[in-house]
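Since the model is a prediction, treat every value here as computed from it, not as a measurement. In what follows, every heavy atom counts, from backbone to side chain, and hydrogens, waters and symmetry copies are set aside. Every number for a ligand or one of its atoms is a count from 1 in the order of the listing.
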Amino acid sequence: MAANGGASPPSPPATAADGVAGALPLPRPVPAPRMTAAAAAAWRPGRPNILLTGTPGTGKSTTAAAVAAAVGLTHVDVGAYASARADWAYDGWDAARECHLLDEDAVADGLEATMATGGVVLDYHTVDWLPLRWVQLVVVLRAHTESLYDRLTARGYADAKRRENVEAEVHQVVLDEATAAFPDTPRLVLWADLPSSLSRNVAAIAAAYAALPGGGGGGEAGGLRRGRCRSQR
Ligand SMILES: Nc1ncnc2c1ncn2[C@@H]1O[C@H](COP(=O)(O)OP(=O)(O)OP(=O)(O)O)[C@@H](O)[C@H]1O
């Protein structure tokens, strides 16, 4: 069982909604040279980056846009980024799940420079392909079955796709994947069932970001306990 994103069949490359403001034109990236383990361990972005993940429909894009505006970060919606680069960012079409297969290596190469600059809120529902070094704070959004069911129904998801996503959320597939992929990275788990929780979640993420080294709040390493989970409805 996997959280199943909702990308539509390929559309012409976008001119504006490309996932990274001002990143046009959209050529295929030159593969980044592979780092040695030592280089990767020493690597730091210019400012900390946030990974904001969750099952499709939990409110990632809404929350990421609000966090970016509140903290002064760049919102990178990986789904939108790939959709605007459909000629090279996809690796096929999953007919059963009605979604594109991301060419993860190509997208990672394409995002490398942006992530190195830092100050990014990266928004996507699968995370095990992301370089560990890119992410200084992991935020996992959660939603209860009723909320998610209604949102996915409003999107017109087919029954099987809606059921797969709701079951993935019940079984916390994305949270477990994020925990496994980023075991030692500071982590917040936030509930996003109601619109009224948006501002509270944004405030929690902004505070956690400020506590990071380089996050603008004078935070030192250890200011936010590593791997700490905090849930909030
Ligand atoms: N507290 C909340 N935080 C974020 N979104 C919320 C909240 N309450 C309700 N929503 C609503 O949830 C819906 C889904 O949000 P959004 O499209 O941001 O989800 P998503 O996780 O980015 O989905 P996808 O992965 O498919 O792009 C939106 O209509 C949004 O307004």
* Asked: Is the shortest N/O to N/O distance between S197 and ligand 1 below 3.5 Å?
  -> yes
* Asked: Looking only at distance, does R155 have an N or O less than 3.5 Å from an N or O of ligand 1?
  -> yes
* Asked: Linking I/L/V/M/F/W/Y whenever any side-chain heavy atoms sit under 4.5 Å apart, do L101 and V173 land together?
  -> no
* Please answer: with hydrophobic residues joined when any side-chain heavy atoms are less than 4.5 Å apart, are W129 and V127 in the same cluster? => yes
* Does ligand 1 have a heavy atom under 4.0 Å from the side chain of L141, from its backbone, from both, or from neither? -> neither
* To do: Can you tell me which residue pairs pass the side chain to side chain donor-acceptor pair (under 3.5 Å) test with a partner in residues 133-142, sequence neighbours excluded?
  => E112-R133, E112-W134, R142-E169
* To do: May I ask you to list the atoms of ligand 1 that are less than 4.0 angstrom from any heavy atom of T63?
  => 3 (N), 4 (C)
* Please could you name the atoms of ligand 1 that G59 approaches to less than 4.0 Å, counting only its heavy atoms? => 4 (C), 5 (N), 15 (O), 16 (P), 18 (O), 19 (O), 20 (P), 21 (O)
* **Min N/O separation G57 to ligand 1 under 3.5 Å** => yes
* Residues in side-chain hydrogen bond (donor to acceptor under 3.5 Å, both in side chains) contact with S61, at least two apart in sequence or another chain -> D77, D123
* What atoms of ligand 1 come closer than 4.0 angstrom to any heavy atom of S61? -> 18 (O), 20 (P), 22 (O), 27 (O)
* List the steps, then state whether side-chain contact (heavy atoms from CB on, under 4.5 Å) holds for N49 with V135. => CA-CA 5 Å; N49 296 316; V135 178; 5.7 Å; no
* May I ask whether P195 places a heavy atom under 4.0 Å from ligand 1? => yes
* Structure fact -> Judged by heavy atoms only, the candidate from D193, D123, T62 nearest atom 28 (C) of ligand 1 is T62
* Determine whether L175 and L132 fall in the same hydrophobic cluster, where Ile, Leu, Val, Met, Phe, Trp and Tyr are linked whenever their side-chain heavy atoms lie under 4.5 Å apart. => yes
* Please name the residue in the list L111, T53, I50 that meets the side chain to side chain contact (heavy atoms under 4.5 Å, CB included) test with L122. => L111
* Relative to ligand 1, is R151 under 4.0 angstrom through side chain, backbone, both or neither, heavy atoms considered? -> side chain
* **Under 4.0 Å to a heavy atom of A192 - the qualifying atoms of ligand 1, by number** => 1 (N), 2 (C), 3 (N), 7 (C), 8 (N)
* Grab the two heavy atoms, one from W93 and one from E98, that are nearest each other, plus how far apart they are. => CH2-C, 3.4 Å
